Peer 1: 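Have a look at this one before I ask anything.
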Amino acid sequence: MRGRGLILGIESSCDETAAAVVQRGSRTLSSVVASQIATHARYGGVVPELASREHLRAIVPVARAALAQAGITLDDLDAIAVTSGPGLAGALLVGITYAKALAFAQGLPLIAVNHLEGHIHAVLLQEREYASLASHWADQPDSASVPCQGTTSVVPQTPSEEAVALAPEGLPRLSANPALSSSLNPLSTPQGTGRGPSFPPDAESALALVVSGGHTHLYLCRPAGGSWHYTLIGRTLDDAAGEAYDKVAKLLGLGYPGGPWIDALARFGNPLAVPFAFSQIKTKLHLAGKAPRTKAARTAPIAGLDPHFLFSFSGIKTAVLRYVELHNLRPESEARAARLFPPPQEMGAPSIPPPLAEWVGDHESLSVQALCQGTTSVVPEMLQREDRASAPAGTVPPTTHAEALALCPQPTLDLIASFQHAVVGDLMKKTFAAAESLGARRILVTGGVAANRELRARFTAEAARRGLSVAFPTPALSTDNAAMIAAAAWPRFQAGEFAAQSLSADPSLALGN
Ligand code: KG4
Ligand code: ZN
């Protein structure tokens with residue numbers, strides 16, 4: 001039955017194949033993510049050709065799983081939304097082609113969504129869901145279990161281990177529900193008293209920091225007639241923050257993606273041991289005709305941006321490299337990598353992927369692992385066999401984490417902690433400076449790096465000190481997913497902004513002006 005505002009979102013811009021069903025941009029019925037981490041981990045980064053191949057293998061079962069978990073069929077959908085950029089061209093094309101075919105066959109409108117706008121809507125979606133949960137609790141104060149983020153599943157009475165592990169320090173607790181009082185509350189406001197945080201209305205402007213493997217961008221987001229208007233305030237000139245995490249982790253013999261590894265190990269080191277510093281960026285050099293060096297830097301022009309809100313993470317990456325050379329840490333890093341990631345053959349894993357039939361058959365045959373917050377990660381058996389270091393995005397399996405800790409001498413842990421402390425400090429400094437300069441009282445932090453515990457704790461504390469509100473998606477929705485794409489599509493659906501069947505991928509698609 002159509003007309004219930006159900007949008008199927010499809011996301012395939014990088015190394016996660018994702019599909020989700022979201023109702024009216026405010027209720028997640030299902031969210032399924034197939035991670036390719038195991039495929040790319042052995043190369044220490046995403047291999048575009050392999051990413052496209054894996055998307056092709058995963059897209060059908062993932063979309064079927066999203067529909068099945070939402071308890072609906074294609075006939076119930078009102079629109080298909082798909083990421084059209086930025087991202088890897090071949091990877092984007094898989095999702096776009098599949099979405100176009102579905103839309104055509106079902107006679108449904110197709111909605112193109114910018115991946116960065118999707119990340120921003122991950123927070124907005126969860127704000128709406130929490131607002132509705134908050135009013136639910138207000139009506140039923142003694143309720144033992146409540147709908148999980150509007151999904152068909154139910155939040156367990158005690159928080160999951162992952163939820164507890166990811167709970168940021170100092171986050172205001174919601175009192176009514178023990179499950180949500182762990183990490184599941186992504187919101188923080190200085191006014192958060194009594195039953196929990198207050199929820200800013202959608203009508204309020206916000207400063208959004210999108211911080212991921214491909215982007216470190218600051219946007220001023222203003223409500224505009226039921227939709228949103230975005231103005232670029234700052235961005236990285238070279239590496240994205242997540243890219244720096246990935247490269248430093250690789251250098252230190254840790255796993256891919258690097259963020260979760262560094263996140264897990266940093267708390268065992270002294271963050272002040274190595275004094276990394278970020279110097280003030282001088283835009284003149286770049287404006288004098290120097291071409292941007294990375295994809296992230298190419299997605300938007302820098303002319304006219306305040307240099308105080310520009311980021312650069314290639315310097316700290318080089319500083320870590322110098323530190324490693326100077327202190328002769330390479331042999332230690334190589335030995336660590338060899339212990340943590342022995343070649344696949346030694347683990348008895350297949351060197352070639354299993355037959356396609358294993359993948360695209362009935363999705364019930366896939367091993368489905370539920371993450372917190374109603375986001376479900378499809379972890380095919382092949383991934384689990386191929387690489388024991390594989391884990392849902394944003395997490396590191398506890399065994400390998402403990403192994404890595406045992407393999408890291410204290411000076412290495414201090415280096416890791418100092419790197420993270422410096423990166424988070426720089427993100428904070430520029431974000432809060434931009435908020436102050438723009439008079440923004442509401443900050444949204446999203447993208448894979450927003451899953452970082454130190455980042456969440458320090459942003460939360462600083463916002464409270466300044467009397468501002470800050471919100472993050474749950475860790476599961478911080479990294480790439482399709483619920484954010486379906487949510488971002490809702491205002492476009494209402495406005496009738498549909499894409500033509502000629503829609504193509506735009507790897508450098510910019511957001512706003
Ligand atoms: O948003 P995302 O899933 O994909 C992109 O759009 O790039 O972000 C992936 C990035 C990776 O660089 C990964 O290392 C980083 O997010 N990341 C983290 C954490 N979890 C993922 N960085 C720091 N701490 C984390 N816990
Ligand atoms: Zn992303």
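In each ligand, atom 1 is the first atom listed, and ligand 1 is the first ligand listed. Quick caveat: nothing in here was measured; it's all calculated off a predicted structure.
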Peer 1: One residue to check: H115. Relative to ligand 1, which of side chain, backbone, both or neither has a non-hydrogen atom less than 4.0 Å away?
Peer 2: side chain
Peer 1: Say whether H55 and D15, considering side chains only, have a donor N or O and an acceptor N or O under 3.5 Å apart.
Peer 2: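 D15 and H55 do not have a side-chain donor-acceptor pair below 3.5 Å.
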Peer 1: Any N or O on H119 sitting closer than 3.5 Å to an N or O of ligand 1?
Peer 2: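 Between H119 and ligand 1 (N or O atoms, distance only) the closest approach is under 3.5 Å.
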Peer 1: In this structure, does ligand 1 have an atom that sits under 4.0 Å from one of the heavy atoms of P260?
Peer 2: yes
Peer 1: Please could you name the atoms of ligand 1 that T479 approaches to less than 4.0 Å, counting only its heavy atoms?
Peer 2: 3 (O)
Peer 1: At a threshold of 2.8 Å, where the distance has to be below it, does the Zn ion (ligand 2) have an N, O or S atom of H115 nearby?
Peer 2: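 Yes, within the cut-off.
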Peer 1: Is the gap between the ring centers of Y256 and Y43 under 6.0 Å?
Peer 2: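 Not close enough - the centres of the two rings lie 6.0 Å or further apart.
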Peer 1: Backbone or side chain, does any N or O of G213 fall under 3.5 Å from an N or O of ligand 1?
Peer 2: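 In this structure, G213 places an N or O atom under 3.5 Å from an N or O of ligand 1.
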Peer 1: Would you say the rings of F313 and Y245 are close, in the sense that their centroids are separated by under 6.0 Å?
Peer 2: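 No, the ring centres sit 6.0 Å or more apart.
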Peer 1: Heavy-atom contacts with D263 under 4.0 Å: which atoms of ligand 1 show up? List them by number with element.
Peer 2: 24 (N), 25 (C), 26 (N)
Peer 1: Would you check if the Zn ion (ligand 2) lies under 2.8 Å from any N, O or S atom of C14?
Peer 2: no
Peer 1: Would you please test T474 and Q126 for side chain to side chain donor-acceptor pair (under 3.5 Å) and show each step?
Peer 2: CA-CA 8 Å; T474 53; Q126 293 202 296; 3.3 Å; yes
Peer 1: Regarding H115 and T83, do their side chains bring together a donor and an acceptor under 3.5 Å, going by distance alone?
Peer 2: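 Result is no, nothing qualifies.
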Peer 1: How does H215 reach ligand 1, by side chain, by backbone, by both or by neither, if only non-hydrogen atoms under 4.0 Å count?
Peer 2: neither
Peer 1: What do we get for D246 next to ligand 1 when only non-hydrogen atoms under 4.0 Å count, side chain, backbone, both or neither?
Peer 2: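 Side chain only; the backbone of D246 stays clear of ligand 1.
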Peer 1: Just distances here: any N/O of P257 and N/O of ligand 1 closer than 3.5 Å?
Peer 2: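 No - when backbone and side-chain N and O of P257 are compared with those of ligand 1, no distance drops under 3.5 Å.
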Peer 1: Give a yes or no on this: more than 12 heavy atoms of other residues, nucleotides or ligands lie within 6.0 Å of atom NZ of K100.
Peer 2: yes
Peer 1: Can you check side chain to side chain donor-acceptor pair (under 3.5 Å) on N452 and Q420, steps first, answer last?
Peer 2: CA-CA 9 Å; N452 187 273; Q420 174 161 290; 2.8 Å; yes
Peer 1: Is the centre of the W261 ring less than 6.0 Å from the centre of the F419 ring?
Peer 2: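 W261 vs F419: aromatic centres not under 6.0 Å.
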Peer 1: Applying a 4.0 Å heavy-atom criterion (strictly less than), which segment of N452 is in contact with ligand 1: side chain, backbone, both, or neither?
Peer 2: both
Peer 1: Answer with yes or no whether the side chains of T460 and E462 bring together a donor and an acceptor at under 3.5 Å.
Peer 2: no
Peer 1: Could you name the option among G259, A122, G214, P473 that has the heavy atom nearest to atom 25 (C) of ligand 1?
Peer 2: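 Among G259, A122, G214, P473, the closest heavy atom to atom 25 (C) of ligand 1 comes from G259.
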Peer 1: Quick check for you: with the Zn ion (ligand 2) as the vertex, what angle do OD1 of D480 and NE2 of H119 span, to 10°?
Peer 2: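 With the Zn ion (ligand 2) as the vertex, the angle is close to 100°.
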Peer 1: At less than 4.0 angstrom from any non-hydrogen atom of G242, what atoms of ligand 1 do you find?
Peer 2: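 Those of ligand 1 that fall under 4.0 Å from G242 are 12 (O).
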Peer 1: In terms of atom number and element, which parts of ligand 1 are under 4.0 angstrom from non-hydrogen atoms of G258?
Peer 2: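 So the atoms of ligand 1 that pass are 14 (O).
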Peer 1: Could you check whether Q36 and E54, counting side-chain N and O atoms only, form a donor-acceptor pair closer than 3.5 Å?
Peer 2: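 The answer is no; no qualifying pair exists.
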